[in-house]
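The structure under discussion appears below in the form of structure tokens.
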Amino acid sequence: MSAGVVRETVLSTLREALNDAKAKRELNLTIDPPLILDVPKKESWGDLATTLAMNLSSSERRAPMEIAQIIAKCLLPAHGDVLERADVAPPGFINLTVKRNLWFRVLTEIEAHGSEYGSSSLGNGQRVLLEFVSANPTGPLHMGHGRGAAVGGALANLLRRVGYEVDTEFYINDAGRQVRLMAASVTAVQNQTPVPEDGYRGVYIVDLANRLRKTQNAGLNVGQIGKLACEEMLKNINIDLQAFGLTFDRWFSEQKELFDSGKVEQALKTLKDKGLLEERDGALWFKSSVFGDDKDRVVKKQDDEFTYLASDIAYHRDKLERRDKRGRGYDLLINIWGADHHGYIPRMEAAVQAFGYPKDRLHVVLVQIVNLLRGGQRITMSKRAGEMVTLKEVIEEVGADAAKFIFLTRRADSQLDFDLELARRQSAENPVYYVQYAHARVASLFRVAAERGVPIPSTAEVDWSVLDSPDDLSLIKPLADYPSMLEASAKALEPHRLTYYLQDLAGRLHTYYYKHRILPPVLEGELERHDTLKPLAAEGDQDRKREVLTPALTAARLCLFRGVQTVIRNGLEILGVSAPERM
RNA sequence: GCGCCCGUAGCUCAGUUGGAUAGAGCAUCAGCCUUCUAAGCUGGUGGUCGCAGGUUCGAUUCCUGCCGGGCGCACCA
């Protein structure tokens with residue numbers, strides 16, 4: 001049931017209808033067409049739609065409308081328990097209206113699977129290494145890292161949910177120039193000498209210098225000081241990440257696991273053996289242009305130092321190479337990078353291919369910059385002067401939930417305006433609370449139900465026939481769509497789709513809640529008063545038939561709300577956002 | 001100059017891999033608390049999907065060329 005009960009059921013019905021049509025020789029069906037069910041743009045057209053007939057028209061050499069008629073004809077009679085109607089609309093759509101009873105099975109499904117609802121086997125247990133944040137240990141995490149962290153965390157949860165085996169990893173860039181620079185900066189502060197021109201500044205360096213005070217005059221060399229400084233910075237980074245609700249499965253040290261282990265040398269040797277390494281102008285070049293990169297890239301400089309690319313080549317090889325070759329054997333690599341690194345992708349893909357893997361074993365998700373605002377005013381940041389708004393400060397001001405959710409309100413690849421004042425505001429303008437409030441509202445409803453002694457039913461004892469309004473279906477349909485939405489979102493590596501989905505679902509719940517009463521009133525006559533007091537401008541019919549709230553209706557609506565609550569909770573969990581019981 | 005990303009309502013952005021009469025939030029205007037939580041709901045206004053071609057039954061989506069914005073083009077990371 002990876003795409004959800006309704007879709008799976010309709011799909012198999014559709015499949016049978018096609019077989020039927022083929023058996024009766026009404027269609028040739030020389031090829032297996034992919035069966036895709038869309039949600040029609042207009043609700044009145046039906047519940048699900050397929051463009052199958054239009055896609056078949058060229059291979060069948062017939063008009064789409066004719067094919068649609070044939071399929072619709074085969075679809076209906078034999079499967080009256082699944083479909084209510086199968087309509088054909090020009091230029092060849094087949095609109096399907098599902099039997100009402102089928103929808104309610106979604107609620108049974110949700111009840112049965114609970115926090116697992118939405119899971120699927122799309123990933124087939126493939127092992128994924130998701131590498132993200134990977135901030136240089138030379139400074140605190142800032143907003144950009146926060147966005148990467150939010151996207152990465154959500155992506156990890158999302159991929160796990162649809163059947164991938166995911167390991168998350170923080171790559172520690174602890175070898176090379178910038179670490180030496182940090183050591184020099186720290187030492188300079190300690191000795192009250194000027195910080196090097198391109199060194200690091202800011203309060204955190206002073207702070208770091210003080211914490212490392214005991215190392216002063218201890219006769220340590222630059223490398224040792226750098227190592228200690230890195231460790232300190234990583235400690236802080238880890239604390240910030242934990243405050244953000246994120247833990248990594250592994251922290252991978254460039255120095256230790258790539259250089260000290262000799263894997264950089266080995267990787268380069270392999271490239272050399274394959275003739276993909278070349279000495280030119282006193283430097284060593286990786287012939288990445290063989291695999292479509294613009295030009296070749298230096299891996300070892302004239303001064304005998306390795307470039308960043310050298311260790312990155314070794315790193316990606318280590319992730320991909322099977323265990324019997326001393327690698328880790330991941331099926332799929334996903335890296336989350338700042339968008340300003342996009343020019344780096346072709347050479348990384350070249351590296352992957354150089355070791356004999358197809359380039360689609362590596363996916364790079366680019367995350368655009370975050371513009372920090374306060375009340376609509378841009379907050380300017382200068383990295384040079386060390387004036388950065390840190391992730392830590394933002395979490396302290398707006399909370400991890402709001403920060404994460406807002407980071408995920410746009411696709412990763414587009415720039416994001418993050419308004420601190422808006423993020424802190426606890427109102428409708430803040431989408432986090434909008435969604436969380438829907439969850440809390442249902443929780444509250446169940447609390448009140450318990451207090452009043454209203455029985456909490458399970459789906460097995462509910463008479464669904466009382467849920468006979470369009471409003472019921474407008475709440476159930478998105479629940480049925482949840483699994484396929486997750487799959488699509490995972491396939492595209494786009495967790496923001498889930499954010500949009502949740503906002504829509506929460507909105508539907510709020511609407512329903514205002515339109516319909518769930519629990520019986522405490523006082524005699526309260527319900528009548530309630531109804532007369534609420535003009536329904538939307539419907540425009542003041543003489544709308546007053547609902548009679550029977551115990552059966554209460555039971556059914558409670559189950560419906562329980563289903564919505566479960567899906568909101570499951571979705572928020574993937575985003576890494578809490579689902580509060582009360583607000 | 002070359003490469004990548006983007007251009008959709010006043011603003012910020014979605015748009016289910018090419019489908020039907022293009023959506024949401026904010027802003028704005030007009031309403032709704034004697035309620036199971038107003039952190040909420042209802043309605044209105046608002047569009048040449050940057051422009052011009054092309055591909056086909058059909059294009060916001062794919063291709064080409066312009067215009068406009070962002071980023072990258074290191075023996076930096």
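Everything numeric here is computed off the predicted structure, so don't read it as measured data.
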**Asked** So, do F93(A) and G19(B) meet the stacking rule of ring centres under 5.5 Å and planes under 30°?
**Response**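 No, F93(A) does not stack on the base of G19(B).
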
**Face-to-face stacking of H510(A) with A39(B), centres under 5.5 angstrom, angle under 30°** =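 The ring of H510(A) is not stacked on A39(B).
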
**Request:** With RNA chain B as reference, determine whether R497(A) or N173(A) sits nearer its 5' end, using the nearest nucleotide of each.
**Result:** R497(A)

**5' precedence on RNA chain B between H496(A) and P40(A) (nearest-nucleotide basis)** =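 Closer to the 5' end of RNA chain B: H496(A).
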
Presence of salt bridge, [Y] and [X], under 4.0 angstrom:
X       : Y       : value
E421(A) : R424(A) : no
D413(A) : R411(A) : no
R177(A) : D198(A) : yes

**Residues that H145(A) engages under ring-ring contact (aromatic ring centres under 6.0 Å, His included), provided they are two or more places apart** =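 Once residues adjacent in sequence are excluded, the partners of H145(A) under the ring-ring contact (aromatic ring centres under 6.0 Å, His included) criterion are H142(A).
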
**Request:** Output all residues satisfying ring-ring contact (aromatic ring centres under 6.0 Å, His included) with F446(A), sequence neighbours left out; order by chain, then residue number.
**Result:**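 None.
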
Taking only residues two or more places apart in sequence, or in another chain, which ones meet [X] in a side-chain contact (heavy atoms from CB on, under 4.5 Å)?
X       : result
R280(A) : E278(A), W285(A), D296(A)
K359(A) : E349(A), Q353(A)
D504(A) : R508(A)

Considering every strand and a 4.0 Å limit on heavy-atom distances, what is the contact class for [X]: base, sugar-phosphate, or nothing?
X       : value
D303(A) : nothing
Q178(A) : sugar-phosphate
R297(A) : nothing
V299(A) : nothing
K42(A)  : base

Using only side-chain N and O atoms of [X], determine if any of them is under 4.0 Å from OP1 or OP2 of [N].
X       : N      : result
S414(A) : A14(B) : yes
R452(A) : C36(B) : yes
R280(A) : C75(B) : no
T511(A) : U42(B) : yes
H516(A) : C41(B) : no
Y434(A) : C41(B) : yes

What is the distance from [atom1] of [X] to [atom2] of [N], rounded to the nearest Å?
X       : N      : atom1 : atom2 : result
Y512(A) : C41(B) : OH    : P     : 16 Å
Y433(A) : G40(B) : OH    : C1'   : 16 Å
L373(A) : C11(B) : CG    : C1'   : 12 Å
M583(A) : A38(B) : CE    : P     : 13 Å
L509(A) : C41(B) : CG    : P     : 10 Å
D419(A) : A27(B) : CG    : P     : 12 Å
R410(A) : G70(B) : CZ    : P     : 19 Å

Quote, to the nearest angstrom, the [atom1] distance that separates [N] from [M].
N      : M      : atom1 : value
A9(B)  : C73(B) : C1'   : 37 Å
G40(B) : C33(B) : C1'   : 10 Å
A24(B) : G43(B) : P     : 10 Å
C4(B)  : C63(B) : P     : 11 Å
C41(B) : C26(B) : P     : 8 Å

**Request:** May I ask you to decide if T138(A)'s main-chain N or O and N136(A)'s side chain share a donor-acceptor pair within less than 3.5 Å?
**Result:**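 No: the side chain of N136(A) does not pair with the backbone of T138(A).
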
**Message:** With a 3.5 Å distance limit and no angle check, can you tell me whether R452(A) reaches the backbone of P520(A) through a side-chain donor-acceptor pair?
**Reply:**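 A pair under 3.5 Å: yes.
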
Of the options [options], whose atoms approach the side-chain atoms of [X] most closely?
X       : options                : result
L445(A) : C13(B), G19(B), C36(B) : C36(B)
R517(A) : C71(B), C36(B), G40(B) : C36(B)
P91(A)  : C75(B), U17(B), G19(B) : G19(B)
W45(A)  : G19(B), C36(B), A20(B) : A20(B)
K41(A)  : G23(B), G40(B), C71(B) : G23(B)
Y344(A) : G19(B), A77(B), G3(B)  : A77(B)
V448(A) : G72(B), A39(B), C36(B) : C36(B)
Y514(A) : G40(B), C75(B), C36(B) : G40(B)
Y513(A) : A38(B), G19(B), U21(B) : A38(B)
Y500(A) : C36(B), C13(B), C41(B) : C13(B)

**Message:** Any donor-acceptor pair, under 3.5 Å, between the side chain of N95(A) and the base of A20(B), if you only look at N and O atoms?
**Reply:**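 Under the 3.5 Å cut-off, the side chain and the base do form a donor-acceptor pair.
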
**Message:** When you measure only distances, ignoring hydrogens and angles, does the side chain of H341(A) come within 3.5 Å of the base of G72(B) through a donor and an acceptor?
**Reply:**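 Counting by modelled atom types and ignoring angles, no donor-acceptor contact under 3.5 Å is found here.
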
**Residue pairs fulfilling ring pair (Phe, Tyr, Trp, His ring centres under 6.0 Å) with at least one residue in residues 487-508 of chain A, sequence neighbours excluded** =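 Residue pairs with at least one partner in residues 487-508 of chain A: Y482(A)-Y501(A).
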
**Request:** Please find out if less than 6.0 Å separates the ring center of F132(A) from that of F170(A).
**Result:**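 That pair fails the under 6.0 Å test.
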
**Asked** Under a 90° cut-off about 0 for the syn range, is U17(B) syn or anti?
**Response** syn

**Request:** Syn or anti for C11(B), please, going by whether the chi angle lies within 90° of 0.
**Result:**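 C11(B): anti glycosidic orientation.
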
**Item:** 5'-to-3' dot-bracket of RNA chain B (Watson-Crick, G-U; under 3.5 angstrom; crossing pairs as [ ]; | other strand)
**Value:** (((((.(..((((.....[...)))).(((((.......))))).....(((((..]....)))))).)))))....

Check: residues 46-53 of chain A side-chain donor-acceptor pairs under 3.5 Å, at least two apart:
unit_1	atom_1	unit_2	atom_2	d
D47(A)	OD1	K477(A)	NZ	2.7
D47(A)	OD2	V98(A)	N	2.7
D47(A)	OD2	W103(A)	NE1	3.4
T50(A)	OG1	I36(A)	O	3.2
T50(A)	OG1	L52(A)	N	3.1
T51(A)	OG1	N55(A)	ND2	3.2

N/O contacts under 3.5 Å, protein versus nucleotides 5-8 of chain B?
unit_1	atom_1	unit_2	atom_2	d
C5(B)	O2'	D413(A)	OD2	3.3

